[in-house]
Asker: 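What follows is a structure written as structure tokens; I'll ask about it next.
The basis for the numbers below is simple: all heavy atoms, side chains too, and nothing from hydrogens, waters or symmetry mates. As the structure is a computational prediction, the values presented were derived from the model and not from experiment.
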Amino acid sequence: MSTELATMTDEGLEQALIAANDAYRNTGTPVMADEAYDQHVAELARRNPDHPFLAAVEPEGDFGLGKVRHARPMLSTDKAYTDAELTRWVRRIEAAAVDLGMTLPIRIKVNAKLDGMAGRLENGVLASRGDGVTGNDISHMMSAGLVVTGEGDGELVMPQAYFDENLSDEFKHPRNVVTGAVGADTVRPAAKQALQDQAIRFVSYSTLEFMYTDTEVVVEHLDAIREQILGGCEYPTDGLILVVESPELRDALGSTGHHHNWMLAAKTVTETAETPVREVHWQVGRTGRLTPVVKISPVELSGAVISNVTAHNAGYLEANGIGPGSIVELTRSGEVIPKLIRTKKAVLDVELPTNCPCCDSELERQRDFLVCQNDTCPDRLKARFNHFFHILGTIDLFGPVACERLVRAGVQSIREVFSMVAADFEVMGFGPGQAANLHQELRDARSRPVDDFRVLAALGVEHLGRGDSKKLLKHFALKDVPNVTVEQINAISGFGELTAKAVVATLPSVSDDLVFLARNLTGIVATPAKSEAPTDSPISGKHIVFTGSMTQGSRSEMTANAEALGAISQSSVNGKTDILVAGEKVGASKLAKAEKHGTTILSESEYLALIATAE
């Protein structure tokens, strides 16, 4: 690590990264070499592995014609760098397929993962990905020379051959040219020429060449598939995209607030290194779970010197024999954060802490995790504040430094933060100007538009990320969430009893903050409530699953009709399922599962006769 990095404050590191990222992503004129940027990120990860800058999509500035709210979120893509990670994804898919009564192996669509700037062309408007919910309107690019290939989701890219021949001396990557043409206040001559040469293009994913394979073949022959798909692609790529073909299986697998569970980016490990482990430090997160930070003998990897890497949990260390004296293999493989691949030499006895490294409270073992049970643990509070401001997304200036000062000042709740004035921030060590700005941000945030599901997700309730928060708020107003019961949550499709119990157990710790925010944030945008359904329908309130081939319409059409009649649709049979409507070619395992749970099994004709009176 350089002397300059060692002397920088956490706030200085964050600001340097933000400035470098803005120049890289938004103007195409990098102010920091890739290696230096990576070293800054590695140092920030060493100091604070849970820092929001490391966990989120790197921020995108304001440019173009204004902001565009995406009709549906542009989610990120989960990634696999090793055969083991790919295999785990495939096994999850196959397990879900077996529950649906499907025959293995499962059909997978494969295409190239383009390495450009993500965007979406819809209804004549071209928008950048942004934060996944709101992007920048870059429709002006279509009149500036941008070549458009198809609609929907895609990427702004440049042919690799054009870049190599004309721009490789001036830019480090084709993406730099593209982002500079889109986001820079003053477009560089090289980017203007590229537009005139029709070398900057929006390529829809739907227009890419693809192939079909299955879960068995993709595990055994990924390298051959990669060579076949990527060998003929004219644009820069950084892996493959694997997509489950079956709509029914996609529904069953679902999505998180970050990515679709039925899609995976299979990345390529380009460089690895082996190094001994010196020691293990522990980072306390907002829920109290401890994350091990593995300190290693410094090793150079992809142009950066790596001295630590974050592991998963205590169980991962035990299973892989990671501790002082072990030797591990790691990669950076396109990521800025190093990643453990495997243990080359394991230790027999992995020593785990018994007390919290921050507050010294006794730790509790919960499956693979060590958990600090102290709600006022300073590290937990810092992580909780960082999470709140990052997920809410409407309050600037409250970064890790501000959150740490809040905790040192004894602040323990969000409602306390909102009650603070400029003088309070000055006492914490901020200058008069900073203090006034922080106070003004809190005042302005009270009326700024913000989705209700972001407010709920920002409070860090276990299992309530943005996706599940939105699902819950279709049934309950934000102000009523503290009073929901296990039974009420369990009745919502997509929630199970264990998840419902965990949510209800966590709600009391945030209920006062939640009630305060619901009353005081006047710009809250409510999630549309689930429409009232007929109560006199014979299937109203019934949990229903459609399976097999239908003759009177597709399963999606029958599902929509059932929901209009008040039914609660499910993608797979479980203990809550009341009716299984079985068409043709239904798997024996699904029928057996329905019989096991006492579910009523109806043929398509029997089901249509049942609902005929309601129509």
Asker: What I'd like to find out is whether the side chain of M263 reaches to under 4.5 Å of the side chain of L75, using heavy atoms alone.
Answerer: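 Not in contact.
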Asker: Please identify each residue that fulfils side-chain hydrogen bond (donor to acceptor under 3.5 Å, both in side chains) with R69, with sequence neighbours left out.
Answerer: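 Per chain and number, R69 pairs via side-chain hydrogen bond (donor to acceptor under 3.5 Å, both in side chains) with D451.
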Asker: For H70, give me all partners under side-chain hydrogen bond (donor to acceptor under 3.5 Å, both in side chains), at least two apart in sequence or on another chain.
Answerer: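 Checked H70 against side-chain hydrogen bond (donor to acceptor under 3.5 Å, both in side chains); zero matches.
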Asker: Between S168 and D164, is there a donor-acceptor pair closer than 3.5 Å when you use the side chain of the first and the backbone of the second?
Answerer: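 Answer holds: yes.
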Asker: Checking the side chain of K79 only, and the main-chain atoms of T77 only, is there a donor and an acceptor separated by less than 3.5 Å?
Answerer: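 Yes; judged by distance alone, with no hydrogens or angles, the pair exists.
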Asker: Can you list, pair by pair, the side-chain donor-acceptor contacts under 3.5 Å of residues 220-232, counting residues two or more places apart and other chains?
Answerer:
{"unit_1": "D223", "atom_1": "OD1", "unit_2": "R226", "atom_2": "NH1", "d": "2.9"}
{"unit_1": "R226", "atom_1": "NE", "unit_2": "T268", "atom_2": "OG1", "d": "3.1"}

Asker: Do the non-hydrogen side-chain atoms of E604 and T551 ever get within less than 4.5 Å of each other?
Answerer: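 Heavy-atom side-chain distance check passes, below 4.5 Å.
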Asker: Tell me every residue that passes ring-ring contact (aromatic ring centres under 6.0 Å, His included) with F546, counting only those two or more places apart in sequence or in another chain.
Answerer: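 Residues passing ring-ring contact (aromatic ring centres under 6.0 Å, His included) with F546: Y607.
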Asker: Side chain to side chain contact (heavy atoms under 4.5 Å, CB included), that's the test. Do M102 and L249 meet it? Break it down for me.
Answerer: CA-CA 9 Å; M102 300 175 68; L249 184 52; 4.1 Å; yes
Asker: For V299, which residues count as a side-chain contact (heavy atoms from CB on, under 4.5 Å) partner, sequence neighbours excluded?
Answerer: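 In terms of side-chain contact (heavy atoms from CB on, under 4.5 Å), with neighbours along the sequence ignored, V299 is linked to A273, T275, I296, I306.
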Asker: For side chain to side chain contact (heavy atoms under 4.5 Å, CB included), just list the numbers for V148 and L126, CA-CA rounded to whole Å, side-chain angles, deciding distance to a tenth of an Å, and then say yes or no.
Answerer: CA-CA 10 Å; V148 174; L126 178 62; 5.7 Å; no
Asker: How would you list, by chain and number, every residue that makes a side-chain hydrogen bond (donor to acceptor under 3.5 Å, both in side chains) with E94, sequence neighbours excluded?
Answerer: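 So E94 forms a side-chain hydrogen bond (donor to acceptor under 3.5 Å, both in side chains) with R91, T215.
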Asker: Applying side chain to side chain contact (heavy atoms under 4.5 Å, CB included) to T310 and T291, what does each step give before you reach the verdict?
Answerer: CA-CA 7 Å; T310 303; T291 300; 3.3 Å; yes
Asker: What residues form a ring-ring contact (aromatic ring centres under 6.0 Å, His included) with W262, not counting sequence neighbours?
Answerer: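 With sequence neighbours excluded, W262 shows a ring-ring contact (aromatic ring centres under 6.0 Å, His included) to H260, given in chain and number order.
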Asker: Output all residues satisfying side-chain contact (heavy atoms from CB on, under 4.5 Å) with A252, sequence neighbours left out; order by chain, then residue number.
Answerer: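 Listed in chain order: L100, S571.
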Asker: Quick one, V157 and V178 - any side-chain contact, counting heavy atoms below 4.5 Å?
Answerer: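 No; the side chains remain at least 4.5 Å from each other.
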Asker: Less than 6.0 angstrom from the centroid, inside 45 degrees of the normal: does R466 satisfy that with respect to the ring of F453?
Answerer: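 Because its charged atom misses either the 6.0 Å distance or the 45° angle limit, R466 does not stack over F453.
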Asker: Any side-chain heavy-atom pair from K471 and F495 closer than 4.5 angstrom?
Answerer: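 Contact flag for K471/F495 side chains = yes.
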Asker: For residues 105-124, run the donor-acceptor check on the side chains, cut-off 3.5 Å, and write out each pair with its distance to 0.1 Å, sequence neighbours left out.
Answerer:
{"unit_1": "K113", "atom_1": "NZ", "unit_2": "D238", "atom_2": "OD1", "d": "3.3"}
{"unit_1": "K113", "atom_1": "NZ", "unit_2": "D238", "atom_2": "OD2", "d": "3.4"}
{"unit_1": "D115", "atom_1": "OD1", "unit_2": "R175", "atom_2": "NH1", "d": "2.5"}
{"unit_1": "D115", "atom_1": "OD2", "unit_2": "H173", "atom_2": "NE2", "d": "3.1"}
{"unit_1": "D115", "atom_1": "OD2", "unit_2": "R175", "atom_2": "NH1", "d": "3.2"}
{"unit_1": "R120", "atom_1": "NE", "unit_2": "D153", "atom_2": "OD1", "d": "2.5"}
{"unit_1": "R120", "atom_1": "NH1", "unit_2": "R72", "atom_2": "O", "d": "2.7"}
{"unit_1": "R120", "atom_1": "NH2", "unit_2": "D153", "atom_2": "OD1", "d": "3.3"}
{"unit_1": "R120", "atom_1": "NH2", "unit_2": "D153", "atom_2": "OD2", "d": "3.3"}
{"unit_1": "E122", "atom_1": "OE2", "unit_2": "R72", "atom_2": "NH1", "d": "2.7"}
{"unit_1": "E122", "atom_1": "OE2", "unit_2": "R72", "atom_2": "NH2", "d": "3.4"}

Asker: Using side-chain heavy atoms (C-beta onward) and a distance below 4.5 Å, is I322 in contact with V328?
Answerer: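 A side-chain contact exists here, since the closest heavy-atom pair is under 4.5 Å.
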Asker: Mind checking whether R201 and P159 have side chains closer than 4.5 Å, heavy atoms only?
Answerer: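 A side-chain contact exists here, since the closest heavy-atom pair is under 4.5 Å.
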Asker: Under the side-chain contact (heavy atoms from CB on, under 4.5 Å) rule, collect the residues that match up with S206, sequence neighbours excluded.
Answerer: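 Applying side-chain contact (heavy atoms from CB on, under 4.5 Å) to S206 gives S204.
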Asker: For K345, give me all partners under salt bridge (charged side-chain N to carboxylate O under 4.0 Å, His left out), at least two apart in sequence or on another chain.
Answerer: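 Partners of K345 by the salt bridge (charged side-chain N to carboxylate O under 4.0 Å, His left out) criterion come out as none, since no residue qualifies.
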Asker: Residues in side-chain hydrogen bond (donor to acceptor under 3.5 Å, both in side chains) with E329, at least two apart?
Answerer: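 If we apply the side-chain hydrogen bond (donor to acceptor under 3.5 Å, both in side chains) test to E329, skipping adjacent residues, the hits are T272, R342.
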Asker: A side-chain contact here means heavy atoms from C-beta on lying under 4.5 Å apart; do E85 and K339 qualify?
Answerer: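 Touching, per the 4.5 Å side-chain cut-off.
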Asker: I need the minimum non-hydrogen distance between V218 and V90, along with the two atoms involved.
Answerer: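 Smallest heavy-atom distance, with atoms named: CG1-CG2, 4.1 Å.
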Asker: Could you walk me through whether R250 and L253 pass side chain to side chain contact (heavy atoms under 4.5 Å, CB included), step by step?
Answerer: CA-CA 5 Å; R250 287 191 197 180; L253 289 163; 5.9 Å; no
Asker: Can you give me the closest heavy-atom contact between A181 and M141, atom names plus distance?
Answerer: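 So the minimum-distance heavy-atom pair works out to O-SD, 3.7 Å.
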Asker: Side chains of E155 and Y235: donor-acceptor distance under 3.5 Å anywhere?
Answerer: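 Checked: E155/Y235 side chains show no N/O donor-acceptor pair below 3.5 Å.
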Asker: For residues L86 and L242, determine if any side-chain heavy atom of one lies less than 4.5 Å from a side-chain heavy atom of the other.
Answerer: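 Sidechains of L242 and L86: in contact.
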